[in-house]
Protein chains: 2
Amino acid sequence: MTTTTAAQRRAEAKTRFDAFLAACPSRKLLDRISDKWVVLVLCALSGGPHQAEAGNGGGPHPMRYSQLARMLAGVSQKMLTQTLRSLERDGLITRTVTPTVPVTVTYELTDLGRSLLGPVRGLKSWAETHMSTVLANREAYDARA
Amino acid sequence: MTTTTAAQRRAEAKTRFDAFLAACPSRKLLDRISDKWVVLVLCALSGGPHQAEAGNGGGPHPMRYSQLARMLAGVSQKMLTQTLRSLERDGLITRTVTPTVPVTVTYELTDLGRSLLGPVRGLKSWAETHMSTVLANREAYDARA
DNA sequence: CAGGATCCAGTAGGATACTG
DNA sequence: CAGTATCCTACTGGATCCTG
């Protein structure tokens with residue numbers, strides 16, 4: 001019989017869709033940059049166009065772990081380490097250990113990592129242009145409750 | 001005395017940083033598009049450049065709830081509804097109710113929503129170009145355990 | 001048809017303490 | 001200095017049932 005066909009086909013469709021998503025490069029990228037700290041670390045390593053603190057207008061430069069930790073004061077060291085590891089794993093940054101007296105570890109963007117800054121800046125640009133409108137829409141929507 | 005100064009200053013810095021993030025437009029946008037289904041819905045409403053099913057090469061078109069649910073088979077109706085609501089709230093899509101016999105609800109991208117497709121396609125493009133490299137890096141990293 | 005309401009598991013991620 | 005290890009909470013998001 002075909003009593004459960006509808007549910008079955010739904011389940012099948014879901015499976016196929018999930019498989020599709022698992023293979024989708026865009027989805028993988030989104031999963032990566034969604035990681036809440038990934039983009040912040042990337043920007044920090046790119047010379048940091050967002051920090052209101054040290055006025056460094058220079059180019060992209062290597063950074064030490066503790067520098068990053070100070071710049072991104074809101075991230076726990078657990079997440080910072082985890083984020084750095086995953087970025088290194090993906091080949092977006094390099095991790096260099098210099099065996100000085102207390103070890104020195106520096107992180108730096110790879111070419112691949114730098115290439116990702118382009119699209120990211122695209123998002124940033126859109127955000128700076130349109131986000132205020134979005135926020136206004138939000139308020140308006142909530143107000144007409 | 002200044003015994004706890006270090007911890008205090010850390011906490012202060014974190015507070016400032018969190019406040020900064022809360023105000024940062026880019027962060028807000030990231031929070032939005034991280035929503036796991038937002039981008040999928042946006043793409044679906046844009047004419048869906050990613051589905052392997054119906055070969056519709058046409059332009060952006062309104063879509064009914066059930067159409068979306070079928071296309072994005074992997075999303076629960078709860079999340080679909082939630083996503084659609086938040087996008088409507090942000091003014092990225094419109095929701096139109098037509099009181100036919102069983103009600104008909106259609107969703108459509110607004111101009112604002114369409115403008116977001118640009119940056120998103122930027123990401124998509126990067127993903128399609130570089131994601132295989134990232135995956136290779138990942139495997140290499142894991143292999144050298 | 002389009003969604004609201006409820007329950008529930010998995011996990012992201014923060015706080016804290018310890019180490020080579 | 002640059003992490004690792006452990007514990008614990010809160011939220012995300014799926015499944016299921018119900019409604020105008």
Side-chain angles (χ1 to χ4, degrees), chain A residues 4 6-8 10-11 13-15 17-18 21 27 30-41 62-89 93-108 145, chain B residues 4 6-8 10-11 13-15 17-18 21 27 30-41 44 62-89 93-108:
Chain A
T4 51
Q8 279 177 358
R10 281 201 156 246
K14 177 171 164 37
T15 302
F17 188 83
D18 290 348
L21 274 194
R27 167 61 29 185
L30 276 173
D31 285 346
R32 186 112 302 277
I33 68 174
S34 303
D35 254 2
K36 196 176 182 185
W37 301 115
V38 167
V39 175
L40 267 324
V41 170
M63 275 210 171
R64 300 185 54 175
Y65 182 90
S66 46
Q67 279 183 281
L68 286 167
R70 254 189 311 277
M71 262 186 82
L72 311 176
V75 60
S76 63
Q77 81 284 43
K78 173 188 169 181
M79 289 323 292
L80 180 54
T81 300
Q82 196 176 104
T83 302
L84 289 168
R85 281 290 177 285
S86 69
L87 289 176
E88 184 200 1
R89 187 169 102 109
I93 65 175
T94 56
R95 177 174 181 269
T96 311
V97 183
T98 312
T100 49
V101 182
V103 282
T104 305
V105 180
T106 57
Y107 294 91
E108 188 170 9
Chain B
T4 50
Q8 278 176 357
R10 281 200 156 245
K14 175 169 167 36
T15 301
F17 188 83
D18 290 347
L21 275 195
R27 167 61 32 186
L30 275 174
D31 285 346
R32 188 112 302 277
I33 67 174
S34 302
D35 255 2
K36 196 177 184 187
W37 302 115
V38 168
V39 176
L40 267 325
V41 170
M63 275 210 171
R64 300 184 54 174
Y65 182 89
S66 45
Q67 279 184 282
L68 285 167
R70 255 191 310 278
M71 262 186 81
L72 311 175
V75 61
S76 63
Q77 80 286 41
K78 172 188 170 181
M79 289 322 292
L80 180 55
T81 299
Q82 195 176 104
T83 303
L84 289 168
R85 280 290 177 283
S86 68
L87 289 176
E88 184 199 2
R89 187 169 103 108
I93 65 175
T94 57
R95 176 174 181 270
T96 311
V97 182
T98 312
T100 48
V101 182
V103 282
T104 305
V105 181
T106 57
Y107 295 93
E108 189 170 9

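Below, read A as the first sequence line, B as the second, and so on, with proteins coming before strands; counting in each chain starts at 1.
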Inset, instruction - Report the distance from atom CD of B:Q82 to atom C1' of C:dA2, rounded to the nearest whole Å. - result: 16 Å
Inset, instruction - Measure from CG on A:L80 to P on D:dA5 and round the result to the nearest Å. - result: 17 Å
Legend entry - Check: A:K36 and B:S34 side chains under 4.5 Å, non-hydrogen atoms: no
Legend entry - B:R64 side chain near C:dC1 phosphate (N/O to OP1/OP2, under 4.0 Å): no
Legend entry - Base D:dT16 paired with B:Q77 side chain (donor-acceptor, <3.5 Å): yes
Legend entry - Among C:dG13, C:dG3, D:dA2, the nucleotide that comes nearest once only the side chain of A:K36 is considered: C:dG13
Legend entry - Phosphate-side-chain proximity, B:T81 and C:dG3, N/O vs OP1/OP2 below 4.0 Å: no
Legend entry - Length of the CZ-P vector between A:R10 and D:dG14, whole Å: 14 Å
Legend entry - Nucleotide nearest A:S76 (side chain, heavy atoms from C-beta), chosen from D:dG3, C:dG14, D:dC1: C:dG14
Inset, instruction - Figure out the CE/C1' separation between B:M79 and C:dT6, and round it to whole Å. - result: 15 Å
Legend entry - Rounded distance (Å) that lies between atom P of C:dG14 and atom CG of B:L21: 11 Å
Inset, instruction - Report the distance from atom CD of B:Q67 to atom C1' of C:dA2, rounded to the nearest whole Å. - result: 13 Å
Legend entry - Side-chain heavy-atom pair A:Q82, A:D35 within 4.5 angstrom cut-off: no
Inset, instruction - On DNA chain D, check which nucleotide each of B:K78 and A:R95 is closest to and give me the residue with the more 5' one. - result: A:R95
Legend entry - OP1 or OP2 of D:dT4 under 4.0 Å from side-chain N/O of A:Y65: no
Legend entry - Nearest-angstrom distance from the residue atom CE of A:M63 to C1' of D:dC1: 17 Å
Inset, instruction - Output yes when a side-chain donor or acceptor of B:R10 lies under 3.5 Å from a complementary backbone atom of A:A73, and no otherwise. - result: no
Inset, instruction - Figure out the CG/P separation between B:L68 and C:dG3, and round it to whole Å. - result: 10 Å
Inset, instruction - Name the nucleic acid region contacted by A:R85, choosing base, sugar-phosphate or nothing; use a 4.0 angstrom heavy-atom cut-off, strictly under. - result: sugar-phosphate
Legend entry - Close side-chain approach of A:L68 and A:L84, heavy atoms under 4.5 Å: yes
Inset, instruction - Please tell me if the side chains of A:Y107 and A:V105 come closer than 4.5 Å, counting only heavy atoms from C-beta onward. - result: yes
Legend entry - Listed nucleotide nearest any side-chain atom of B:Y107, set D:dG3, C:dG20, C:dG3: C:dG3
Inset, instruction - Check whether any side-chain N or O of A:S66 sits under 4.0 Å from OP1 or OP2 of D:dA2, and answer yes or no. - result: yes
